[in-house]
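Here's the structure we're looking at; comments come further down.
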Amino acid sequence: MLNEGMNPEETGILSKIFSSKAPSQIMDFFLDHKEFDYSPAEIALKTGLSFKTITREIPSLEKFHFVKKSRRIGKTIMYILNSDFPAVKTLEKFTLEMSEYINVEVIDGDLNSRENDDKVSSRLIEPN
């Protein structure tokens, strides 16, 4: 969703890709279940989003190459994470690192800890 009063041309790339909470929930699902393909009905069931929301958001995620059609079962199109797309690989790494960062904050109990920031920063800039 665009911020009120903001010109659509002024939005950043993440706002264009993740226009609401739904696309990020769908991507979280696919990143956690990347080995298999899923129908829109299965995605809706597993994410708690409505079928209508899934069918509205999947074409956008497909357009940005985050997911792709894998096969058809009868009239149902199955979708899978597009793990070959470099941006998906980057997003996988980013979500893993951010989840580690959030877990460190929760475990250490200090959300503003400079030490935690330093731990995560060092992991973010280390080469593979």
Side-chain angles (χ1 to χ4, degrees):
M1 304 273 169
L2 295 176
N3 294 333
E4 278 187 45
M6 187 174 225
N7 184 337
E9 289 82 34
E10 295 173 359
T11 61
I13 189 66
L14 292 177
S15 295
K16 290 176 182 171
I17 295 169
F18 301 114
S19 59
S20 68
K21 190 175 178 182
S24 60
Q25 285 179 267
I26 295 167
M27 285 304 299
D28 277 337
F29 168 75
F30 274 112
L31 289 168
D32 287 342
H33 302 90
K34 58 187 162 212
E35 298 82 19
F36 302 103
D37 57 359
Y38 299 90
S39 70
E42 289 175 303
I43 300 165
L45 181 67
K46 293 181 187 277
T47 61
L49 297 168
S50 72
F51 179 79
K52 184 177 180 179
T53 298
I54 300 299
T55 57
R56 181 187 68 226
E57 298 295 345
I58 286 286
S60 177
L61 293 173
E62 191 177 12
K63 178 180 99 174
F64 286 109
H65 304 284
F66 288 114
V67 299
K68 61 185 178 181
K69 294 173 185 162
S70 59
R71 61 188 168 133
R72 189 180 285 268
I73 301 175
K75 292 183 179 182
T76 303
I77 298 172
M78 305 294 283
Y79 295 91
I80 192 165
L81 185 70
N82 186 3
S83 296
D84 296 330
F85 186 50
V88 169
K89 292 177 183 179
T90 302
L91 188 58
E92 284 181 280
K93 183 177 179 186
F94 172 77
T95 57
L96 177 65
E97 290 173 353
M98 287 307 298
S99 66
E100 289 174 6
Y101 178 74
I102 290 168
N103 287 336
V104 166
E105 288 180 341
V106 171
I107 291 168
D108 289 349
D110 185 359
L111 298 179
N112 297 314
S113 169
R114 181 74 176 137
E115 183 181 325
N116 290 342
D117 290 344
D118 292 341
K119 284 183 208 173
V120 173
S121 294
S122 66
R123 282 185 277 191
L124 292 175
I125 59 174
E126 288 176 359
N128 290 338

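These numbers come from the heavy atoms of this one structure, side chains and all, not from hydrogens, waters or symmetry mates.
- With sequence neighbours left out, R72 forms a salt bridge (Lys or Arg N to Asp or Glu O under 4.0 Å) with no residue at all.
- No side-chain heavy atom of E62 sits under 4.5 Å from any side-chain heavy atom of N82.
- Both I77 and F36 are members of a single hydrophobic cluster when ILVMFWY side chains are connected at heavy-atom separations under 4.5 Å.
- The ring pair (Phe, Tyr, Trp, His ring centres under 6.0 Å) search around F29 returns H33, Y38, not counting sequence neighbours.
- Applying the under-4.5 Å side-chain rule to Ile, Leu, Val, Met, Phe, Trp and Tyr, the cluster around M78 extends to I73.
- Residue pairs satisfying the ring pair (Phe, Tyr, Trp, His ring centres under 6.0 Å) criterion with at least one member in residues 57-81, sequence neighbours excluded, are listed as follows: H65-F85.
- Inter-residue side-chain proximity for F30 and V67 is flagged as met; some heavy-atom pair is nearer than 4.5 Å.
- The two residues P23 and E57 come nearest to each other via the heavy atoms CG-OE1, 3.3 Å.
- Annotation: the span from I80 atom CD1 to R71 atom CZ amounts to 9.0 Å, rounded to 0.5 Å.
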Checklist entry - Could you walk me through whether I58 and I43 pass the side chain to side chain contact (heavy atoms under 4.5 Å, CB included) check? => result CA-CA 10 Å; I58 286 286; I43 300 165; 4.1 Å; yes
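- Closest of all the heavy-atom pairs between D37 and S70 is OD2-OG, 2.7 Å.
- In this structure, the separation between CG on L91 and CE on M27 is 5.0 Å, given to the nearest 0.5 Å.
- Side-chain N or O atoms of E97 include none that pairs as donor or acceptor with a backbone N or O of F94 at under 3.5 Å.
- Summarising the geometry, atom CG belonging to L61 is positioned 9.0 Å from atom CD1 belonging to I54; distances are rounded to the nearest 0.5 Å.
- One finds a salt bridge joining K68 and D84 here, because a Lys/Arg side-chain nitrogen approaches an Asp/Glu carboxylate oxygen to under 4.0 Å.
- A donor-acceptor distance shorter than 3.5 angstrom exists from the side chain of S99 to the backbone of L96, with no hydrogens or angles considered.
- Sequence neighbours left out, the pairs with a member in residues 23-34 that pass salt bridge (charged side-chain N to carboxylate O under 4.0 Å, His left out) are K34-E92.
- Taken from CG in L49 to NZ in K21, the straight-line distance is 9.0 Å, to the nearest 0.5 Å.
- Here CZ of R56 is found 6.0 Å from OG of S20. Values are rounded to the nearest 0.5 Å.
- Applying the ring pair (Phe, Tyr, Trp, His ring centres under 6.0 Å) rule to F51 yields no partners; only residues at least two apart in sequence or on another chain are considered.
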